[in-house]
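Reading through the structure tokens given below for one structure.
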There are 2 protein chains.
Amino acid sequence: MTVKFNNRDPVYVQVIQHFKEQIAKGYFEPGQEIPSRRELANQLKINPNTAQRAYKEMGEQGLIFTEGNMPSCITKDEAVLKSVREELIIEAVDLFLGSIKSIDVPLSEVLEIVKKKHDAESGEAEGSK
Amino acid sequence: MTVKFNNRDPVYVQVIQHFKEQIAKGYFEPGQEIPSRRELANQLKINPNTAQRAYKEMGEQGLIFTEGNMPSCITKDEAVLKSVREELIIEAVDLFLGSIKSIDVPLSEVLEIVKKKHDAESGEAEGSK
DNA sequence: TTTCGTGTATTAAGCACTTAATACAGTTTG
DNA sequence: CAAACTGTATTAAGTGCTTAATACACGAAA
């Protein structure tokens, strides 16, 4: 497990974001065990308390659960898991539309750029394929 | 002049962002005077030093210039003004594509949502028109 | 039982941003 | 000239958030 952190957002927020993305991609089974706070801290080279804070918030959001001193697990509620993906998409779309709106760019103009950039990226990602 | 601040980003960064958006919209003429540090601080209900910091960075970025003790002005370099709009667009697109990529959402799927949301927003914005 | 690994809680330290209080030089205006 | 406005600079204090350092309770396992 590896995460590239930026210096802009709090680390614990980025950790939560990372887990949400993993969930959105379907990398986790419902009820699956996740690394302990200390183990995650070692893997990501962060402080155990930072990992703790991330897990604590994920617990409050219902993304993970903890019983007694057992390792924490991904929620078994598949509706929650599904909604994570939808919420991330909505977030991205709203942020995007907000930015576009704030500079009065016609949607058609920017969508052209989006498609162009997307094709360029996926092209270089596949290499000489 | 009014700006709605969020509690997430530094105020001086949001002030710069606000000016860039105004420039991108073409609200400023090249060479146009802008409010003094103290006046802007009064208008936006912020500390004069915060306004100063924003203006200082905008000066370093070539967005505004100051001669002697004259009021600061928007740059006369129209190429710079034009590039502001383009950079904001590129920023928005890159951020958007990055978010989409991190959760493996097909472009076609998300573009549908974008169009749908955009139509809904512009619809309610125009009211009973 | 002892040891180790869980989760959890408390307290302190560090850091960036904001605000504040001044100060100074120059120009315009009354 | 004097007052009031520009921009600019320095220094310090305060504030909130993040991170760090510890400690504690519990349970499983050697």
Side-chain angles (χ1 to χ4, degrees), chain A residues 1-20 28-29 31-77, chain B residues 1-20 23 28-77:
Chain A
M1 178 163 333
T2 303
V3 180
K4 52 169 185 171
F5 295 112
N6 63 57
N7 328 334
R8 209 172 67 264
D9 305 309
V11 173
Y12 79 95
V13 171
Q14 298 182 60
V15 171
I16 296 174
Q17 183 71 14
H18 175 259
F19 270 89
K20 285 187 176 178
F28 289 117
E29 295 295 323
Q32 177 178 340
E33 273 192 17
I34 57 178
S36 74
R37 276 81 167 158
R38 292 173 177 85
E39 187 181 343
L40 182 75
N42 279 331
Q43 290 179 356
L44 302 186
K45 312 294 183 187
I46 62 177
N47 190 279
N49 297 295
T50 305
Q52 157 64 4
R53 177 154 187 187
Y55 275 23
K56 183 182 179 184
E57 292 213 9
M58 286 194 287
E60 293 170 349
Q61 294 177 24
L63 299 179
I64 67 177
F65 67 94
T66 309
E67 292 176 347
N69 298 324
M70 302 289 290
S72 299
C73 299
I74 298 292
T75 180
K76 294 176 181 173
D77 188 334
Chain B
M1 176 162 335
T2 303
V3 180
K4 50 169 184 171
F5 295 112
N6 64 56
N7 326 334
R8 206 171 71 265
D9 305 309
V11 173
Y12 76 94
V13 171
Q14 298 182 59
V15 171
I16 296 174
Q17 183 70 15
H18 175 258
F19 271 88
K20 285 187 177 178
I23 291 175
F28 289 117
E29 295 295 323
Q32 177 179 340
E33 275 191 17
I34 56 179
S36 75
R37 278 80 166 156
R38 294 172 177 86
E39 187 181 343
L40 182 75
N42 279 332
Q43 290 179 357
L44 302 186
K45 312 293 184 189
I46 62 178
N47 190 279
N49 297 296
T50 305
Q52 159 63 5
R53 178 157 185 184
Y55 274 24
K56 183 182 179 184
E57 292 213 10
M58 286 194 286
E60 292 170 351
Q61 293 177 24
L63 299 179
I64 67 176
F65 68 93
T66 309
E67 291 176 347
N69 299 323
M70 302 288 291
S72 298
C73 299
I74 298 293
T75 180
K76 295 175 181 173
D77 188 334

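Chain letters run A, B, ... following the sequence lines, proteins first, then strands; residues in each count from 1.
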Could you report the tightest heavy-atom contact between [X] and [Y], atom names first, then the distance?
X       : Y       : result
B:Ser72 : B:Ile64 : CB-CD1, 4.3 Å
B:Ala41 : B:Asn47 : CB-C, 4.0 Å
A:Gln14 : A:Lys4  : OE1-O, 4.1 Å
A:Phe65 : A:Ile74 : CE2-O, 3.3 Å
B:Thr75 : B:Gly62 : CB-O, 3.4 Å

Rounded distance (nearest 0.5 Å) linking atom CG of A:Leu63 with atom CD of A:Glu57:
10.5 Å
Any chance you could measure B:Ile16, atom CD1, to B:Lys20, atom NZ, to the nearest 0.5 Å?
7.0 Å
Can you confirm whether B:Ile46 sits close enough to B:Tyr12 that some side-chain heavy atom of one is under 4.5 Å from a side-chain heavy atom of the other?
no
Sub-4.5 Å side-chain heavy-atom contact between B:Val15 and B:Leu40
yes
Can you check whether A:Arg37's main-chain N or O pairs, donor with acceptor, with A:Gln52's side chain at less than 3.5 Å?
no
With 3.5 Å as the limit, what N/O pairs link the protein to nucleotides 21-30 of chain D?
from: D:dA21; atom 1: N7; to: A:Asn49; atom 2: ND2; distance (Å): 2.9
from: D:dA21; atom 1: N6; to: A:Asn49; atom 2: OD1; distance (Å): 2.8
from: D:dA21; atom 1: N6; to: A:Asn49; atom 2: ND2; distance (Å): 3.2
from: D:dC26; atom 1: O2; to: A:Asn69; atom 2: ND2; distance (Å): 2.8

Quickly work out the [X] [atom1] to [N] [atom2] distance and round it to whole Å.
X       : N      : atom1 : atom2 : answer
A:Glu33 : C:dG5  : CD    : P     : 15 Å
B:Asn42 : D:dT6  : CG    : C1'   : 14 Å
A:Gln52 : C:dT10 : CD    : C1'   : 12 Å
A:Ile46 : D:dT19 : CD1   : P     : 8 Å
A:Leu44 : D:dA20 : CG    : P     : 13 Å

Can you find a side chain N or O atom of B:Ser36 that sits less than 4.0 Å from OP1 or OP2 on D:dT6?
yes
Residue-level proximity of residues 4-15 of chain A to DNA chain D when a heavy atom falls under 4.0 Å
A:Pro10, A:Val11, A:Tyr12
Do the rings of A:Tyr55 and A:Phe19 sit parallel, tilted or perpendicular, given the 30° and 60° boundaries?
perpendicular
At a heavy-atom distance below 4.0 Å, what parts of residues 53-61 of chain A sit against DNA chain C?
none
